[in-house]
There are 2 protein chains.
Amino acid sequence: MTFNLEKFLPYRLRILYDTITHSFSPIYIKQYKLSPSEWRVLASIAGSGSVTAKQLGKHSRMHKTKVSRAVFELSKRNLIVKVPNKNDLRETFLEVSELGGEMYRKLSIRAIEFDNKMLSCLTQNEQLALDEIIEKLQKHAETNFYSHD
Amino acid sequence: MTFNLEKFLPYRLRILYDTITHSFSPIYIKQYKLSPSEWRVLASIAGSGSVTAKQLGKHSRMHKTKVSRAVFELSKRNLIVKVPNKNDLRETFLEVSELGGEMYRKLSIRAIEFDNKMLSCLTQNEQLALDEIIEKLQKHAETNFYSHD
DNA sequence: TTAAATTAGTTTCATTTAAAACTATATTTA
DNA sequence: TAAATATAGTTTTAAATGAAACTAATTTAA
């Protein structure tokens with residue numbers, strides 16, 4: 001069997017991710033002046049209600065300095081609020097502000113639209129299959145391969 | 001309908017790509033001292049026989065400066081050779097050297113192994129479905145969304 | 001044909017990134 | 001307890017990145 005880079009999963013995923021993300025990112029970059037990290041952090045916080053930077057970073061696989069800087073920027077713009085944990089002052093809970101929630105709601109509408117349009121090239125069955133396949137691969141990769149920290 | 005980041009395709013693809021690539025990259029990084037770009041460029045050249053930096057960058061979605069630097073390094077280590085195009089001296093054809101071919105063959109064996117192990121969590125049908133789905137999404141994203149150059 | 005515009009690839013420079021060192025808390029253990 | 005170790009998050013430093021300027025060659029158009 002001869003190797004074919006074009007069919008190599010990591011290579012294909014990278015190209016697909018790159019293409020798709022660059023199709024969506026202009027929306028939050030241009031219209032809301034958010035960096036990719038900032039959008040990701042805002043959406044993560046909004047989705048979870050309240051998280052620490054550590055939890056957020058681990059869950060969304062972002063480097064802690066990236067999270068730290070995104071949090072700093074979002075906080076500066078009053079899009080999120082930092083609530084110190086009274087029981088452990090090393091960590092702070094992150095929550096979206098009124099303003100941040102508004103921005104998030106507007107952006108998430110665009111995100112849903114985008115996702116629907118993107119997935120519209122697949123049949124209903126394929127969409128379901130893709131969901132399951134990603135889930136399986138992710139779990140498999142995490143338990144059998146991935147190691148970091 | 002409420003937005004769920006965890007089910008958002010760009011987000012999921014990024015995390016899956018990140019997990020998978022970090023599972024494979026130690027092989028070429030530690031054992032062959034190649035950067036991700038260098039591995040990608042080496043494999044691209046090996047796969048196509050002879051390409052220009054421009055073609056390679058476009059096809060594999062790498063920034064031209066990244067390609068330029070990877071080519072410089074690989075060339076310095078005699079893993080690839082640069083063959084000037086006699087008919088247009090602005091461009092040079094890139095080809096793998098004897099040494100580079102050897103490294104590529106060894107690495108591609110590891111890549112095939114990795115891919116097989118990664119895909120082994122899917123049924124045969126799911127593997128076929130995934131192939132088709134990626135193909136469809138890639139084409140759809142390129143023609144309907146992506147714009148860069 | 002020569003001047004203007006274009007192209008492939010490189011280099012420079014400003015920005016982004018991650019690794020490592022750091023600060024401040026909190027926990028463990030002697 | 002007090003000293004030693006660990007942890008969350010930030011800042012500093014060094015490396016990687018991409019945008020823009022550049023070089024050398026080619027093509028277009030006056």
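Below, read A as the first sequence line, B as the second, and so on, with proteins coming before strands; counting in each chain starts at 1.
Spacing between atom NE2 of B:His22 and atom C1' of C:dT17 amounts to 12 Å, rounded to whole angstrom units. In this structure, A:Lys82 atom NZ and C:dA24 atom P are separated by 15 Å, rounded to whole Å.
Proximity note for A:Asp88 (side chain, C-beta onward) versus C:dG9, C:dA18, C:dT25: the nearest is C:dT25. Checked against C:dA26, C:dG9, D:dA8, the side chain of A:Leu89 finds its nearest nucleotide in C:dA26. Comparing C:dA26, D:dT11, C:dT11 against the side chain of B:Thr65 picks out C:dT11 as the nearest. Proximity note for B:Ser37 (side chain, C-beta onward) versus D:dT26, D:dA8, D:dT17: the nearest is D:dT17.
Here A:Arg61 pairs with A:Glu142, A:Tyr146, B:Thr19 under the side-chain hydrogen bond (donor to acceptor under 3.5 Å, both in side chains) rule; sequence neighbours left out.
Interface remark: the A:Arg69 side chain does not form any donor-acceptor pair with the C:dT15 base, using a distance-only criterion of under 3.5 Å.
Using the six-membered ring where Trp is involved, A:Phe8 and A:Phe3 have ring planes that are perpendicular, over 60° apart on the 30 and 60° scheme.
From A:Leu119, atom CG reaches atom NZ of B:Lys136 across 11.5 Å, with rounding to the nearest 0.5 Å.
Ring centroids of A:Phe24 and A:Phe114 are separated by less than 6.0 Å, placing the two rings close together.
Across all strands shown, A:Thr52 has heavy atoms under 4.0 Å from sugar-phosphate atoms exclusively, and none from any base.
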